[in-house]
Amino acid sequence: LHFDLTGLPPAPETVRRFVEHPTDDAWAKLVDQLLASDACAEHLTTYWLDLVRFADTVGYHGDQDHNISPYRDWVIDAFAANMPFDQFITEQLAGDEMITSPLDNLSAIDAKRLAATGFLRMAPDGTGGAVADKLQARHDTMADTIRIVASSFLGLTVGCAQCHDHRYDPISQADYYRLRAIFQPAFDPEQWRVPSKRRVSLYTDQDRERAAEIEVDAKKVDAQRAAEQKQFIAATFEKQLKELPESVHELARAAHATEAGKRTPEQKQLLKKHPNLNVTSSSLYLYDRKAADELKKLAAKASEIRATKPKEEFIRAITEKPGRVPATHLLFRGDPGQPRQELKPGGLSVVSLTSKLPEIPVDNGELPTSGRRLAFAKRLTDPQHPLTARVIVNRVWRQHFGRGLVETPGDFGIQGMRPSHPELLDWLSAELIESGWSLKHLHRLILKSRAWRQAVSTDATRQRVDPDNTLFGSARLRRLDAEVVRDCILDISDRLNTRASGPPVPVMADRVGRFVIGKENLNAGRPGSVIDLKGAQYRRSVYIQMRRSRPLAVLEAFDQPPMSPNCDKRNSSTASTQSLLMMNSEL
């Protein structure tokens with residue numbers, strides 16, 4: 001491998017044959033138009049969400065929601081704005097270490113950076129509920145997070161090094177725990193924060209001040225309602241009391257004025273004998289419908305006033321406790337109960353052998369946080385890092401060709417397949433870095449290339465020499481992704497709702513057990529009643545709720561990957577269920 005990709009010579013002849021293309025202004029204009037569209041960003045986001053194990057739920061205890069859609073929206077916005085990929089990496093790994101405003105009064109840009117750290121909240125986290133072993137559950141969440149980080153950015157499998165030295169690749173168990181030490185201050189098993197404690201409010205001081213002013217107005221209406229309710233109850237009680245002998249009036253008034261739990265046996269007996277005297281706020285409507293309606297209007301008025309408060313939004317994020325830098329120990333056989341020697345944070349040794357990469361400090365004194373994840377991001381995006389650029393270039397190539405230059409995108413190790421075109425992979429990686437880490441530049445270069453613009457070939461000689469089309473001698477016949485199938489059906493039927501961002505469109509089980517778009521109306525009092533989604537059911541598939549336990553049937557049929565574990569390579573099948581779904585489903 002060339003470790004300093006920026007020092008590569010001009011493209012050799014073997015590379016030029018792939019990237020050169022005839023001049024075609026109309027095609028170039030179309031490519032630029034498509035890359036600039038919001039729909040393109042939404043489409044590219046689905047591949048990234050596969051990779052990071054995106055789900056709208058925590059993955060345990062009934063698959064509870066955890067409001068992670070701000071992260072999905074951040075990814076879409078990043079692709080739409082052509083955010084440099086080095087910044088894309090950095091904000092996901094260390095957005096909280098880049099912010100300058102306080103957590104209780106975030107600026108708009110800092111709120112987005114914090115939302116980006118949702119990347120580190122993708123691993124299933126069962127620590128918020130009942131688990132057999134809480135300590136083990138914490139370590140499992142950390143292990144899954146490291147697995148996602150390594151797969152996403154390094155293209156390596158590191159999971160087995162949690163318990164022993166990697167069986168095939170030169171990654172030691174000590175290396176694994178040095179890598180884990182980078183994330184230890186944010187996760188901190190000894191002072192663990194459950195998912196509900198990792199929410200960060202987006203309320204600002206201005207929002208809180210405005211909400212307080214509105215609450216004052218609402219409480220005035222509440223006070224008016226309480227006073228009128230007291231009068232109505234008293235008047236109704238006296239009206240009912242007139243129907244009884246005067247001899248019990250004094251006892252009845254005392255019983256009515258006393259809390260239910262503090263009444264004497266005599267008072268209780270009287271109210272039991274004369275239940276019409278038990279006039280309360282909940283029973284007033286039985287005696288005076290007009291008064292009850294008046295109180296109802298006042299309650300509604302107070303609710304309307306409170307509804308004008310700025311809506312408090314939350315994001316799931318990773319943050320560190322200032323001043324807290326926990327130690328990391330190698331765990332014998334990966335057992336949290338058997339800690340061994342303490343280890344400092346660091347990258348994988350094999351990556352540093354022939355390239356000088358930035359060191360990762362134990363504690364950066366210039367930041368309120370440890371600074372470890374920020375330093376790790378700088379290390380990953382250093383031009384001398386041998387993996388980062390090659391891994392993402394290979395993934396982008398695979399998106400467009402259906403096959404990567406390395407056909408094991410999540411394993412660049414010894415057990416992975418060797419590159420079919422190593423010079424091309426190197427040259428494209430250097431081109432990405434020298435373009436300012438512009439992914440749109442990379443997409444544009446590939447889509448305008450001679451290699452991509454080939455037709456599907458039935459040439460017998462070519463099929464005999466390269467039956468799997470490993471050498472990209474022609475185009476590859478490919479089936480559309482599940483999301484594209486559904487979105488195209490909606491588009492050609494003129495139903496597609498292009499509204500962007502926001503909470504996910506809910507998924508529920510229908511009468512025969514399939515998972516479909518919809519939300520049950522649990523307050524309707526009858527089975528099968530659903531809430532009108534008002535066209536939201538026709539939004540793009542990227543906005544459909546991703547629940548690990550409820551895969552949408554139409555997407556599952558066309559191989560939308562399950563998010564357990566993450567998916568770095570989609571499978572594509574052809575099955576009879578797909579044709580049956582096309583013929584028989586309501587969609």
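These values consider heavy atoms only, across backbone and side chains, with no hydrogens, waters or symmetry-generated copies.
- Side-chain N or O atoms of Thr127 include none that pairs as donor or acceptor with a backbone N or O of Arg138 at under 3.5 Å.
- A cation-pi geometry, defined here as NZ or CZ lying under 6.0 Å from the six-membered ring centre and within 45° of its normal, does not hold between Arg570 and Phe558.
- Atom-to-atom distance recorded for Arg289:CZ and Leu284:CG is 10.0 Å, nearest 0.5 angstrom.
- Using a 4.5 Å heavy-atom threshold, the side chains of Arg324 and Glu190 count as touching.
- Contact check on Glu238 versus Arg253 returns a salt bridge, with a Lys/Arg side-chain nitrogen under 4.0 Å from an Asp/Glu carboxylate oxygen.
- In terms of modelled atom types and a separation under 3.5 Å, the side chain of Ser579 and the main chain of Ala575 share no donor-acceptor contact.
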Can Arg193 and Thr319 be said to form a side chain to side chain donor-acceptor pair (under 3.5 Å), step by step? CA-CA 10 Å; Arg193 284 174 286 172; Thr319 57; 3.0 Å; yes
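- Using modelled atom types, one side-chain atom of Arg539 and one backbone atom of Ser501 make a donor-acceptor pair closer than 3.5 Å.
- Annotation: Phe88 is in aromatic contact with Trp74 [ring centroid separation under 6.0 Å].
- A salt bridge does not link Glu91 to Lys112: none of the charged side-chain nitrogens sits closer than 4.0 Å to a carboxylate oxygen.
- Side-chain contact between His43 and Val484 is present, with at least one heavy-atom pair separated by less than 4.5 Å.
- Under 4.0 Å is where a charged nitrogen must lie from a carboxylate oxygen, and between Glu215 and Arg306 at least one such pair does.
- Within 6.0 Å of atom CD in Gln206, 12 or fewer heavy atoms from other residues, nucleotides or ligands are found, so the atom counts as exposed in its surroundings.
- Heavy atoms of other residues, nucleotides or ligands lying less than 6.0 angstrom from NZ of Lys519 number 12 at most.
- Asp510 contributes a side-chain N or O that, together with a main-chain N or O of Val512, makes up a donor-acceptor pair within less than 3.5 Å.
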In sequence, state the C-alpha distance, the side-chain angles, and the governing distance for Phe376 and Phe153, and then conclude on ring-ring contact (aromatic ring centres under 6.0 Å, His included). CA-CA 11 Å; Phe376 180 55; Phe153 300 132; 8.0 Å; no
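- When atom types are taken as modelled, the side chain of Asp110 and the backbone of Leu106 share no donor-acceptor pair closer than 3.5 angstrom.
- Checking Asp288 against Thr236 by side-chain atom types alone, no donor-acceptor pair falls below 3.5 Å.
- Remark: Arg550 fails to qualify as a cation-pi partner of Phe515 under the 6.0 Å distance and 45° angle criteria applied to the six-membered ring.
- Note that the CG atom of Asp38 and the CG atom of Asp77 stand 8.5 Å from one another [nearest 0.5 Å].
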Go through the steps to decide whether Asp205 and Arg208 satisfy the test salt bridge (Lys or Arg N to Asp or Glu O under 4.0 Å), and finish with yes or no. CA-CA 5 Å; Asp205 288 343; Arg208 280 183 279 271; 3.1 Å; yes
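- Ion pairing of Lys296 with Asp293 is absent here, as no side-chain N (NZ or NE/NH1/NH2) approaches a carboxylate O to less than 4.0 Å.
- Counting heavy atoms from C-beta outward, Thr117 and Gln92 have side chains that stay 4.5 Å or more apart.
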Which is it for Phe232 and Tyr287 under the ring-ring contact (aromatic ring centres under 6.0 Å, His included) test, yes or no, and what are the steps along the way? CA-CA 10 Å; Phe232 289 145; Tyr287 304 92; over 10 Å; no
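- Side chain of Arg72 to main chain of Gly502: a donor-acceptor pair is present (N/O by atom type, distance under 3.5 Å, no hydrogens or angles).
- Leu93 contributes atom CG, which lies 9.0 Å from atom CD1 of Ile182 (distance to the nearest 0.5 angstrom).
- Residues Leu103 and Ile99 have side chains in contact (heavy-atom distance under 4.5 Å, counting atoms from C-beta outward).
- A salt bridge links Arg210 with Glu213: at least one charged nitrogen is closer than 4.0 Å to a carboxylate oxygen.
- Lys301 NZ: 12 or fewer foreign heavy atoms inside a 6.0 Å radius.
- From Ser37, atom OG reaches atom CD of Glu42 across 8.5 Å, with rounding to the nearest 0.5 Å.
- Without hydrogens or angle criteria, Arg316 side chain to Asn67 main chain gives no donor-acceptor distance under 3.5 Å.
- Around atom CG of Asp104, more than 12 heavy atoms belonging to other residues, nucleotides or ligands sit under 6.0 Å away.
- Looking at Tyr538 and Leu533, their side chains never come closer than 4.5 Å, going by heavy atoms from C-beta outward.
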Derivation and outcome, side-chain contact (heavy atoms from CB on, under 4.5 Å), residues Arg53 and Asp144: CA-CA 10 Å; Arg53 198 176 186 171; Asp144 282 342; 3.7 Å; yes
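- The 12-atom threshold is not exceeded at CG of Asp494, counting heavy atoms of other residues, nucleotides or ligands nearer than 6.0 Å.
- No side-chain donor-acceptor contact under 3.5 Å links Arg263 and Thr258.
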Take Glu342 and Thr328, measure what side-chain contact (heavy atoms from CB on, under 4.5 Å) needs, and give me the verdict at the end. CA-CA 6 Å; Glu342 182 178 345; Thr328 301; 5.8 Å; no
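- Judged purely by distance below 3.5 Å, without hydrogens or angles, the side chains of Asp140 and Gln136 pair a donor atom with an acceptor atom.
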Under the side chain to side chain donor-acceptor pair (under 3.5 Å) rule, what do Asp207 and Thr204 come out as? Steps first, then yes or no, please. CA-CA 5 Å; Asp207 292 330; Thr204 62; 3.1 Å; yes
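- No donor-acceptor pair under 3.5 Å is formed between the side chain of His256 and the backbone N or O of Asn278.
- Side chains of Ile146 and Tyr177 form no contact here, defined as non-hydrogen atoms less than 4.5 Å apart.
- With hydrogens and angles disregarded, no donor-acceptor distance shorter than 3.5 Å links the side chain of Arg340 to the backbone of Leu330.
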Quick one, Asp335 with Gln338, criterion side chain to side chain donor-acceptor pair (under 3.5 Å). Give me CA distance, side-chain angles, the key distance, then yes/no. CA-CA 5 Å; Asp335 182 358; Gln338 299 189 62; 3.0 Å; yes
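- Taking CG from Leu286 and CG from Asn276, the interatomic distance works out to 11.5 Å, rounded to the nearest 0.5 Å.
- For the residue pair Ala55 and Met122, the shortest heavy atom distance occurs at N-SD, 4.3 Å.
- The backbone N or O of Ser370 lies less than 3.5 Å from a partner atom in the side chain of Glu320, making a donor-acceptor pair.
- Side-chain contact check for Tyr203 versus Asn105: every heavy-atom pair is 4.5 Å or farther apart.
- Remark: Leu580 CG is packed, more than 12 non-hydrogen atoms of other residues, nucleotides or ligands lying under 6.0 Å away.
- Separation of atoms OG1 (Thr46) and CG (Leu555) is listed at 10.5 Å; rounding is to 0.5 Å.
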Test side chain to side chain donor-acceptor pair (under 3.5 Å) on Ser281 and Gln229; report intermediate values, then the result. CA-CA 7 Å; Ser281 58; Gln229 178 177 269; 4.5 Å; no
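- Salt-bridge check for Arg373 with Asp96: passed, with a basic side-chain N closer than 4.0 Å to an acidic carboxylate O.
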Run the side-chain contact (heavy atoms from CB on, under 4.5 Å) test on Val554 and Ser585 for me, step by step, so that the C-alpha distance in whole Å, both residues' side-chain angles and the decisive distance to 0.1 Å come before the verdict. CA-CA 9 Å; Val554 65; Ser585 77; 5.8 Å; no
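- Using a 4.5 Å heavy-atom threshold, the side chains of Arg180 and Leu331 count as touching.
- No more than 12 heavy-atom neighbours from other residues, nucleotides or ligands sit within 6.0 angstrom of CZ on Arg514.
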